[in-house]
Amino acid sequence: MAADGGSGRGAGGITIHDTLSGKRSSLSGQGTNAVSIYLCGVTVYDDAHIGHARTIITFDVLRRHLEGRGIRATMVQNFTDVDDKIIARARDEGIQASELGERYIRRYHEEFERLNVLKADSYPRATEHIPDIIGFIGDLIGGGAAYVAKNGVYFAVSEFAQYGKLSGKKTDQLRSGARIEVDEAKRDPLDFALWKFDSGHPSWDSPWGAGRPGWHIECSAMSTKYLGDCIDIHGGGRDLIFPHHENEIAQSETRTGSMFARIWMHVGMVTIGGEKMSKSLGNIRSVRRALEDWGPNVIRLFCLSGHYSKPVDYSDENLRESLARWRQIEACHYELMHAARNTDGKNGGGPACGANIPGLVDAGDRFDAALDDDLNTHLAVSAVMDVVSDTNALAADCALGPGRAAGAGAELSRMSRILGLRVPNVDPAEAAAIDSEVEARNGLRRQGRYEEADAARDRLRARHVELFDRGDKTVWVKREKIGADARS
RNA sequence: GGUAAGGUGGCAGAACGGUUAUGCGUGGGCCUGCAAAGCCUAUACAAGGGGGUUCGACUCCCUCUCUUACCUCCA
């Protein structure tokens with residue numbers, strides 16, 4: 001069946017770049033209102049870093065946008081909890097591999113909840129799907145595409161004629177490269193392990209001998225179990241294209257004889273000074289640390305600042321730009337809040353109609369269109385900033401009344417929800433306390449007691465409350481605490 | 001060496017065969033009791049080099065060059 005006739009961009013059509021075909025592929029062109037997504041998650045032997053966060057936040061926004069368009073997205077994200085590095089690290093710490101995995105899974109959930117990432121529908125773990133994995137391997141052996149050797153069960157790459165189609169590599173080129181460690185028992189240096197024989201811990205019985213699964217097989221087995229033989233979108237970082245995703249295709253398509261994923265979506269690397277963040281370079285920035293330094297909203301804006309497929313540099317300058325944006329969005333949120341309760345109608349009231357903010361409807365449309373167009377988050381953020389700066393400008397002119405505020409507020413919160421941005425709540429008691437201090441200060445100002453009024457302003461500022469004086473009225477903003485702000 | 005993705009103003013970054021976003025930074029001005037926020041304005045008509053197609057290219061084609069990633073575990 002031909003994917004599309006080339007139009008592919010009708011009203012409401014969402015397109016995503018597919019690594020395999022090298023082209024945009026239409027999602028809603030398939031006439032579907034439900035989409036399945038499988039995202040390769042993390043190996044749980046250490047804390048998650050910003051690179052993981054970028055991939056996961058990208059898919060989080062994709063999912064929120066699909067749902068905003070009325071498309072139900074089912075998302076499955078795995079945890080790789082059996083692996084050589086996990087075993088080595090657990091041995092170093094003198095604990096069980098399962099205990100180590102448990103710890104980092106718990107920490108993962110804490111951190112990504114703070115990043116306001118929606119929960120996946122399920123988080124399958126390799127160790128909880130050993131029977132599925134064994135069944136999958138059994139099918140491959142039965143079909144003649146896998147064989148038992150001295151050290152394990154291997155997939156025979158020669159049995160899958162299309163091997164290399166995702167990464168654009170040719171098998172003979174890969175063989176001539178021959179950097180792969182030579183296992184004499186393998187028929188072909190390209191063959192990869194489905195099952196590794198090992199009687200140590202952890203290990204499971206299998207028809208071929210005790211051991212543990214190889215890395216690639218878990219994703220094939222688990223995605224098939226939860227999402228079926230063919231998933232709509234399979235994603236991960238660009239560094240997974242080869243060999244991980246290439247091998248998944250080989251396993252899955254050999255088993256079923258049909259297409260494994262309609263769209264392969266890959267997220268670019270996060271770099272430090274232009275180099276990939278990686279263990280070996282020792283330039284890892286953990287999510288935990290980034291949350292302390294910048295908080296969830298700035299991290300999200302940073303991760304969404306460029307196109308997802310391109311690299312993005314984790315530099316102070318880039319983070320500061322995201323921070324500046326966040327401060328404007330935050331201020332806008334409070335302007336709208338104050339305007340909404342300002343019911344005397346003096347400040348430019350009017351009906352609750354979005355058109356009252358110049359360009360508001362247009363900005364909403366541009367926001368949606370940008371995300372439809374291969375998830376162009378940069379342009380989507382620009383549309384948000386247009387609404388924010390228009391709103392803030394009207395507020396500064398005392399022209400933002402309750403009607404306009406309601407229109408802009410609804411649109412801004414819709415867009416914020418899709419991007420996963422969230423102004424921290426201020427509890428009503430604190431808000432009331434701030435109101436009365438602000439009122440007291442304005443009393444002092446009216447009497448010309450400016451030194452006392454400035455002292456009151458300083459006291460509020462120490463609690464991260466900033467004031468904007470508008471004639472006889474004052475708007476206050478409770479600033480999110482950003483660690484990096486403290487160190488100039 | 002092979003494969004892939006890229007080279008746009010001080011920085012970040014889009015779109016588009018003709019009209020060059022937007023944000024940040026920086027300078028100047030306005031507003032303010034002073035600030036903050038906001039506004040105006042300047043920096044800015046920028047596209048790695050060279051060919052080609054075209055009436056016209058940042059945008060399409062070729063070539064060279066440079067960068068990054070992958071080819072071993074990696075989001």
Side-chain angles (χ1 to χ4, degrees), chain A residues 19 22 39-43 45-46 48-59 77 80 83-85 164 166-170 172-181 190 215 235-244 246 266-271 274-280 284 301-302 305-307 309-313 315 317-325 327-328 331-332 334-335 370 373 376-383 385-386 388-399 445-446 448-451 453-454 457-458 461 466-471 474-477:
Chain A
T19 307
L39 176 62
C40 286
V42 298
T43 300
Y45 73 106
D46 205 344
H49 61 242
I50 295 297
H52 299 122
R54 172 130 87 160
T55 299
I56 286 154
I57 286 168
T58 297
F59 276 84
Q77 180 186 328
T80 297
D83 159 272
D84 292 350
K85 288 193 293 278
L166 181 69
S167 56
K169 295 177 190 302
K170 303 269 187 291
D172 45 343
Q173 285 164 351
L174 284 166
R175 275 188 203 99
S176 67
R179 313 285 172 304
I180 308 144
E181 65 186 271
L190 297 188
W215 175 34
R238 291 202 85 83
D239 53 354
L240 297 186
I241 293 172
F242 189 91
H244 186 56
E246 196 73 73
H266 291 107
V267 180
M269 298 294 100
V270 175
T271 59
E275 284 181 311
K276 181 184 171 184
M277 193 181 280
S278 74
K279 278 273 185 266
S280 47
I284 296 288
L301 283 170
F302 164 76
S305 64
H307 192 261
S309 65
K310 293 187 178 177
V312 62
D313 202 58
S315 68
E317 195 171 7
N318 288 168
L319 267 309
R320 292 216 168 267
E321 182 169 338
S322 294
L323 173 59
R325 283 208 176 93
R327 290 311 192 196
Q328 287 175 267
C332 186
Y334 281 94
E335 295 282 14
D373 190 14
N376 191 332
T377 53
H378 179 87
L379 242 34
V381 171
S382 294
M385 296 315 294
D386 289 345
V388 166
S389 57
D390 286 353
T391 303
N392 289 350
L394 284 171
D397 277 355
C398 295
R445 288 173 67 218
R446 280 190 290 271
R449 293 155 69 181
Y450 292 122
E451 284 191 14
D454 289 352
R457 184 166 62 193
D458 289 344
R461 199 198 307 271
E466 209 174 304
L467 305 184
F468 312 155
D469 290 333
R470 299 275 156 69
T474 295
V475 168
W476 57 264
V477 172

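In what follows, chains are A, B, ... by sequence order, proteins preceding strands, each numbered from 1. This is a predicted model, so every value here is computed, not measured.
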Which atoms form the tightest heavy-atom contact between [X] and [Y], and what is the distance?
| X | Y | result |
| --- | --- | --- |
| A:His266 | A:Arg238 | O-NH1, 3.9 Å |
| A:Ile284 | A:Met277 | CA-CG, 3.7 Å |
| A:Leu379 | A:Ala370 | CB-CB, 3.6 Å |
| A:Val388 | A:Gln328 | CG1-O, 3.3 Å |
| A:Glu246 | A:Ser167 | OE1-OG, 2.6 Å |

For residues [X] and [Y], determine if any side-chain heavy atom of one lies less than 4.5 Å from a side-chain heavy atom of the other.
| X | Y | value |
| --- | --- | --- |
| A:Val312 | A:Ser305 | yes |
| A:Gln77 | A:Phe59 | no |
| A:Phe242 | A:Leu166 | no |

Figure out the [atom1]/[atom2] separation between [X] and [N], and round it to whole Å.
| X | N | atom1 | atom2 | value |
| --- | --- | --- | --- | --- |
| A:Leu174 | B:G2 | CG | P | 14 Å |
| A:Ile241 | B:G6 | CD1 | P | 11 Å |
| A:Gln328 | B:U22 | CD | P | 14 Å |
| A:Asp46 | B:A75 | CG | P | 11 Å |
| A:Arg449 | B:C34 | CZ | C1' | 17 Å |
| A:Phe302 | B:C24 | CZ | P | 18 Å |
| A:Met269 | B:U67 | CE | P | 20 Å |
| A:Asp386 | B:U22 | CG | C1' | 7 Å |

Side chain A:Asp469, main chain A:Thr474, donor-acceptor under 3.5 Å | no
Would you find a donor on one side and an acceptor on the other, under 3.5 Å apart, between the side chain of A:Arg445 and the backbone of A:Ala453?
->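 Side chain of A:Arg445 to backbone of A:Ala453, a donor-acceptor pair under 3.5 Å: no, none is there.
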Please state the [atom1] separation for the pair [N] and [M] - nearest whole angstrom.
| N | M | atom1 | result |
| --- | --- | --- | --- |
| B:A12 | B:C55 | C1' | 36 Å |
| B:U19 | B:C61 | C1' | 25 Å |
| B:G28 | B:G49 | C1' | 38 Å |
| B:G48 | B:U54 | P | 23 Å |
| B:U53 | B:C73 | C1' | 47 Å |
| B:U67 | B:U8 | C1' | 15 Å |
| B:G27 | B:A44 | C1' | 14 Å |
| B:C24 | B:G13 | C1' | 11 Å |

Given Watson-Crick and G-U pairs under 3.5 Å, RNA chain B in dot-bracket ([ ] crossing, | other strand) is (((((((..(((.....[...)))((((((.......))))))....(((((..]....))))))))))))....
Which residues pass the salt bridge (Lys or Arg N to Asp or Glu O under 4.0 Å) test with [X], sequence neighbours left out?
| X | value |
| --- | --- |
| A:Arg457 | A:Asp454 |
| A:Arg325 | A:Glu321 |
| A:Lys276 | A:Asp239 |

Earlier contact from the 5' end, RNA chain B, for A:Ser167 and A:Gly268 | A:Ser167
Given RNA chain B, 5'-ward residue of the pair A:Ser278 and A:Met385, judged by closest heavy atom |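 With A:Ser278 and A:Met385 compared, the 5'-side residue is A:Met385.
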From the options [options], select the nucleotide whose nearest atom is closest to the side chain of [X].
| X | options | answer |
| --- | --- | --- |
| A:Ala393 | B:A37, B:C39, B:A75 | B:C39 |
| A:Leu240 | B:A37, B:A75, B:C70 | B:A75 |
| A:Ser382 | B:G2, B:A37, B:A21 | B:A21 |
| A:Phe468 | B:G38, B:A37, B:C24 | B:A37 |
| A:Asn376 | B:A37, B:A15, B:U22 | B:A15 |

For A:Lys279 and A:His49, run side-chain contact (heavy atoms from CB on, under 4.5 Å): C-alpha distance rounded to whole Å, both residues' side-chain angles, the deciding distance at 0.1 Å, then the answer.
-> CA-CA 10 Å; A:Lys279 278 273 185 266; A:His49 61 242; 5.8 Å; no
Would you kindly check whether a donor in the side chain of A:Lys169 faces an acceptor in the base of B:C70, or vice versa, at under 3.5 angstrom?
-> yes
Protein-nucleotides 31-33 of chain B N/O pairs under 3.5 Å:
residue	atom	partner	partner atom	Å
B:G33	O6	A:Arg445	NE	3.4
B:G33	N1	A:Asp454	OD1	2.9
B:G33	N2	A:Asp454	OD2	2.7

Distances under 3.5 Å between protein N/O atoms and the N/O atoms of nucleotides 11-13 of chain B, please, pair by pair.
residue	atom	partner	partner atom	Å
B:C11	O2'	A:Glu317	OE1	3.3
B:C11	O2'	A:Glu317	OE2	3.4
B:G13	O2'	A:His378	ND1	3.3
B:G13	O2'	A:His378	NE2	2.5

May I ask you to say what A:Gly51 touches in the nucleic acid, namely base, sugar-phosphate or nothing, with a heavy-atom cut-off under 4.0 Å?
-> base
Would you please confirm or rule out a distance under 4.0 Å between OP1 or OP2 of B:A75 and any side-chain N or O of A:Gln77?
->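 Indeed not, no polar side-chain atom of A:Gln77 lies that close.
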